[in-house]
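Not measured: the values here are computed from a predicted model. Throughout, a chain's letter reflects where its sequence line sits, starting with A, and its residues are numbered from 1.
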There are 2 protein chains.
Amino acid sequence: MAMRKRSETARRTGGRAQDALRGDLYAPQCPSRGVLEHVTSRWGVLALVALLEGGTHRFSALRRKVAGVSEKMLSQTLQALEADGFVQREVFPEVPPRVEYTLTPLGHEVAGRVKGLAEWIEANLGRILTAREQRPVRAPRREAS
Amino acid sequence: MAMRKRSETARRTGGRAQDALRGDLYAPQCPSRGVLEHVTSRWGVLALVALLEGGTHRFSALRRKVAGVSEKMLSQTLQALEADGFVQREVFPEVPPRVEYTLTPLGHEVAGRVKGLAEWIEANLGRILTAREQRPVRAPRREAS
DNA sequence: GGTGGGTACTTACCAACAGAAAGCAAGGCC
DNA sequence: GGCCTTGCTTTCTGTTGGTAAGTACCCACC
């Protein structure tokens, strides 16, 4: 992304070696923002949770599970997650082609956290919807006259 | 969003009362997807984490902290989070105008989870970047000849 | 007294992105 | 031969996100 060399980010964030490298979300050019966007993207979240819950999936199975995603977006999402080392892609040179996606150990860790967030929302939807109704629209410009 | 009546979702998900309502992320029309998108949106994540770490903020302070966000997007993001009951907005009719944003108890809970995810990424950036380098581009079309 | 400044937005506009649909490749089946 | 399958990629189009400018309000300054 915006990063040219590892050492540059390392300098900015104070780290030195790769395994000690730490990101800073508040810095606009930090690659951690890109990673965060990949895992929290509209379809990234759902793909990660689906892979965590169901284990290895092939492309079409994942597409069915994550209802509503287009092939383009699923492909794009998985490519991003693969590039970040969260999912492993395996191609079987058969006809018709078969491709399987699996979480890496790294992916397993993020997916767990993403799933925690997703489940919290599912479980608390009632509370959220209640809050929504109490805050119907928004003051129509300015509350003080 | 896509939901017309609460009872519709309740029927689909098997719940009955609002406080027992549970979402289903895999259902395309479930409002939980909308909520998830708000909290995992590019700026939603950063706003929640900033409010969790720093407590009450006024608009311009938040904008400084979440470097790179435009006024429009921050305003829009905060409106969505307010509508979902995650942040509370308080206007002081002074001159110059002052508006303060604070997490609600509900917002505190989500923000905690979001922050956990964000911090995991910050802490593991090194591992992710290492994985990225080992997976340089992507097979240029088809791996089997 | 009129000009400039500060805050929190909203609006207009444009570029980038997401999504629907069609194309592609390679072999099997009828 | 024509059509089916899968996992993409490409094309086209509508929605979204970002930038910049405007708005409203009152005060301080010259």
Which nucleotide in [options] has an atom nearest any side-chain atom of [X]:
| X | options | result |
| --- | --- | --- |
| A:P97 | C:dC9, D:dG7, D:dG17 | D:dG7 |
| A:S75 | D:dC8, D:dG7, C:dG6 | D:dC8 |
| B:R89 | C:dG6, C:dA18, C:dC9 | C:dC9 |

For B:A111 against B:L103, the heavy-atom pair lying closest together: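 It is CB-CD1, 3.8 Å.
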
Search all heavy atoms of B:D84 against all heavy atoms of B:V35 and return the closest pair with its distance.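 Nearest pair, atom of B:D84 first, then B:V35: OD2-CA, 4.0 Å.
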
Which whole-number value in Å describes the distance from [X] [atom1] to [N] [atom2]?
| X | N | atom1 | atom2 | result |
| --- | --- | --- | --- | --- |
| A:Q76 | C:dC17 | CD | P | 9 Å |
| B:E37 | D:dT16 | CD | P | 10 Å |
| A:F92 | D:dT6 | CZ | P | 16 Å |
| A:F59 | D:dT9 | CZ | P | 9 Å |
| A:E100 | D:dC8 | CD | C1' | 16 Å |
| A:R64 | D:dG7 | CZ | C1' | 13 Å |
| A:L46 | C:dG19 | CG | P | 11 Å |
| B:R63 | D:dT19 | CZ | C1' | 11 Å |

Looking for any heavy atom pair under 4.0 Å, which part of the strands does B:S70 touch: base, sugar-phosphate only, or nothing?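 Since a base atom lies under 4.0 Å of B:S70, the category is base.
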
Phosphate-side-chain proximity, B:R42 and D:dG18, N/O vs OP1/OP2 below 4.0 Å: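 The answer is yes; a side-chain N or O of B:R42 sits under 4.0 Å from OP1 or OP2.
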
C:dG6, OP1 or OP2 - any side-chain N/O from B:S60 closer than 4.0 Å?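 So the side-chain polar atoms of B:S60 never come under 4.0 Å of the phosphate oxygens OP1 or OP2 of C:dG6.
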
Pick the nucleotide of DNA chain C nearest each of A:W43 and B:E71; which residue has the one closer to the 5' end?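 Whichever sits nearer the 5' end wins; that is B:E71.
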
More 5' along DNA chain C: B:R58 or B:K72, using each one's nearest nucleotide?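 This one resolves to B:R58.
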
Any donor-acceptor pair under 3.5 Å from B:R63 side chain to B:V69 backbone: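 Here the side-chain-to-backbone pair exists.
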
Report the distance from atom CZ of A:F86 to atom NE2 of A:H108, rounding to the nearest 0.5 Å.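 So the gap between those two atoms works out to 13.5 Å.
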
List the steps and the verdict of side chain to side chain donor-acceptor pair (under 3.5 Å) for A:E53 and B:Y26. CA-CA 12 Å; A:E53 289 178 346; B:Y26 292 131; 3.1 Å; yes

